[in-house]
Each structure stands twice: as structure tokens, then as C-alpha cells.
Amino acid sequence: MSWATVRTSCRSSWRLMVRFYQNRLYTFAYRLTGSPQDAEDIVQEAFIGAYVSLRRYPLQRIQALKLRSWLYRVTLNVFSLHARRTRMHVVPLDLCEESQMLAMEESEDQRPEALFEQQEHRKELEVMVASLPERYRIALTCYYFECMNYQEVAELLDQPVGTVKSTISRGVCLLRNLLKEADQEGGSRSHEVP
Amino acid sequence: MKYHETQHQQGVTPPEPGPLREAPSSLLAGVLSRLNQSERYIAAQRSRRALLNALAHPQWEIRAAAVQAVEKLGPRAALDPLLGVLQDEHRLVRQNRLQNNRFR
């Protein structure tokens, strides 16, 4: 489906486009918010925003758009606005450089990178990622769950690639410590990596 | 930087995209309903005054559509209300005004 088709033809083309991308964007928003209702609101707002924007874009600009990336960006913009309004992510994490939260652990059984690959742990990880501060939540969601590469995440967030790598690395450190705490509180090693 | 280079360096297989959650049916219905409502609302405004009033509608997509409709009235369209749109709380309503102004 091309943008030119969506823009120049009738509402049914738009309906097809929404159908095609709604699950992907809804999943993305759900991972960012941890709330089905917020995710639906955000994606609905994103599609309306995309439609309104598209109507005023010149054809050349529309043809140059990368559809999937652009819709992710629109959704992310709506999420950011939503987060500012609702004052989400009030998790009191100590993120200074000396913080124990960012201390690297070498233990294999708390490597979030490996856990992302195990379907049975993905939902658990989604919940933990959703509890991280927004900058880490967004970067980790894009990189691990949406499987974008560093360059794609950098373009989406309008940040240098180096900044994205650093953010993902620090986010993984935070996750690692959250996993460690969860293990200690649970008393069992539920995140064992084979 | 190659795709997921760090994982390859660590001997870890790059993850597949996670399973998708199914969007509720109300999502698509809500999108279409809001777009239809916006277009019908603007189409139903028969007077210039009514269109200007729509610039203050609580739904931002109706305000955005109203900007375009007022602009189509031509250069004699009331300037003051359109200037007020530049302070609208929604980014796309403000951009609609700026964009239309640029191409006039």
C-alpha cells in the first residue's frame, strides 16, 4: 500500500491502512504504557493525527515518507504528550552514575538480553520495561521488542546512534538489577537462562 | 553498526519481533467515527459565523478541519480568529494554520 493511494483515494484505503498497522502500533503503545486503554487511546489519536497531517502534506513529501517508521514516530509523539500529561513513570529509581542500580552484573542468570529471546519471559519483561523511566522504556521497547536496529531507533528518537546505544546499555543495566531484586524477593530463580 | 551487532558479538541470536497483541475492534471504529464526525460537522456549518465557532470546538480534529474550511472562504476570512488558532493547544491545529498560510 502506498501513501499516494491512501491520500488520493477514498476512506476505504485509509481503513485498510489502519487495519494493516493497528496491531503493530497497539502492541508498541501497550508496551510503552502497560495499559490497554491508554494504548488504544494513543493509537487512535495517532491515526487521526496521521490522517490530518497527510491531508496537508504536499505529494512529494508523502511519497518520500517511510510509512512504517513515520507511523511509529507519530505514535511515539502522541505517547510522549500523553506521558507528560498524565505524569507517568514516577518510579523512584536512583540513576546517578554512582548508583547501584546501574552497576554491571556479570551473572548469566540475570541477563535481560537473553531473556528477551525467551517467549515465556517476554510478558514479564514487558511489565518490567514498562516500569522504567520513559527514555529507557522507549529505547528498549524499540530495540528489543520492535526489533529495530540502532540506526532506526536513532532516527525515530532523533538522537545520535551513540546516545541510543548508551541509553539501551543503561536500560539493560536497570533491568538486570530489577531482575536481581525480583529473584531475591521471589526466593526462587525464575529467570534461569539455560 | 550492523543489525544487532552486540548480540552477535555475545553469541546471542537476535530476537524475533515479539508476538503482536490484537487491537480491540473499538480502535478502528473509533478512528473512523471521529473522522466521519469531523467531516460531517464541518460540512453542516452553513455560515461563516458557524465555521468560526468551530475553531473553538473541544475536539482538536474538528478545529483542524475548521481551519481549512475557514481558509477556503478566501483572503477576506476573519483574520483575528485564525490568529487565535496559532495559540491552539494542539500542535496539528497550529500547523494546519501555518501550512495553509504558507501556501496561500
Side-chain angles (χ1 to χ4, degrees), chain A residues 11 14-15 18-19 21-31 36-37 39-41 43-53 55-58 74 77 81 111 113-119 122-123 125-126 141 143-152 154 161-162 164-165 168-169 172, chain B residues 1-40 42 59-69 71 88-104:
Chain A
R11 181 66 58 77
W14 182 257
R15 183 197 301 257
V18 174
R19 280 189 194 279
Y21 283 102
Q22 64 176 353
N23 289 348
R24 166 61 61 197
L25 296 179
Y26 175 76
T27 304
F28 179 53
Y30 181 85
R31 285 171 177 152
Q37 187 57 56
E40 181 179 351
D41 291 346
V43 176
Q44 188 177 111
E45 192 73 8
F47 277 126
I48 301 282
Y51 184 86
V52 170
S53 295
R55 290 190 64 173
R56 63 182 172 75
Y57 279 5
V74 172
N77 285 343
L81 188 63
R111 284 182 52 217
E113 307 95 308
L115 293 178
F116 276 113
E117 297 157 32
Q118 299 174 312
Q119 293 298 326
R122 277 190 180 251
K123 285 189 177 177
L125 276 172
E126 280 183 12
T141 297
Y143 188 72
Y144 285 109
F145 289 123
E146 305 301 327
C147 291
M148 298 179 187
N149 60 33
Y150 287 129
Q151 185 64 43
E152 288 171 327
V161 172
V164 169
K165 287 181 185 175
I168 290 172
S169 174
V172 167
Chain B
M1 173 60 65
K2 292 177 182 175
Y3 188 63
H4 291 302
E5 185 173 311
T6 54
Q7 282 100 329
H8 286 303
Q9 287 169 349
Q10 295 168 359
V12 176
T13 308
E16 294 296 320
L20 296 182
R21 291 175 185 273
E22 188 168 349
S25 59
S26 53
L27 197 158
L28 175 61
V31 170
L32 296 176
S33 168
R34 283 174 63 181
L35 291 178
N36 285 335
Q37 186 190 5
S38 171
E39 290 180 358
R40 283 182 190 150
I42 294 303
Q59 288 176 244
W60 73 264
E61 64 268 24
I62 290 182
R63 298 200 300 278
V67 171
Q68 292 187 323
E71 293 274 355
D88 194 283
E89 65 176 15
H90 201 287
R91 179 177 59 89
L92 289 179
V93 179
R94 297 193 300 272
Q95 284 184 355
N96 249 12
R97 170 59 186 139
L98 288 170
Q99 192 85 0
N100 292 340
N101 198 43
R102 188 183 305 163
F103 291 112
R104 176 175 284 176

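We name chains A, B, ... by the order of the sequence lines, and we start the count at 1 in each one.
Both the backbone and the side chain of B/Ser26 come within contact range of chain A, each with at least one heavy atom under 4.5 Å from a heavy atom of that chain.
Ranking A/Asn77, A/Val52, A/Val43, A/Leu25 against chain B, the residue ahead of the rest is A/Val52, based on heavy-atom pairs under 4.5 Å. Listed options A/Ala39, A/Ala29, A/Gly49 were ranked by heavy-atom pairs under 4.5 angstrom with chain B; first place goes to A/Gly49.
A search for side chain to side chain donor-acceptor pair (under 3.5 Å) contacts involving B/Asn36 returns A/Arg11, not counting sequence neighbours. Residues satisfying the side chain to side chain donor-acceptor pair (under 3.5 Å) test with B/Gln59, not counting sequence neighbours, are B/Gln37, B/Glu61.
Within a 6.0 Å sphere centred on CD of B/Glu22, other residues, nucleotides and ligands contribute 12 heavy atoms or fewer.
A parallel orientation is assigned to the rings of A/Tyr143 and A/Tyr150, their planes being inclined by less than 30° (bins at 30° and 60°).
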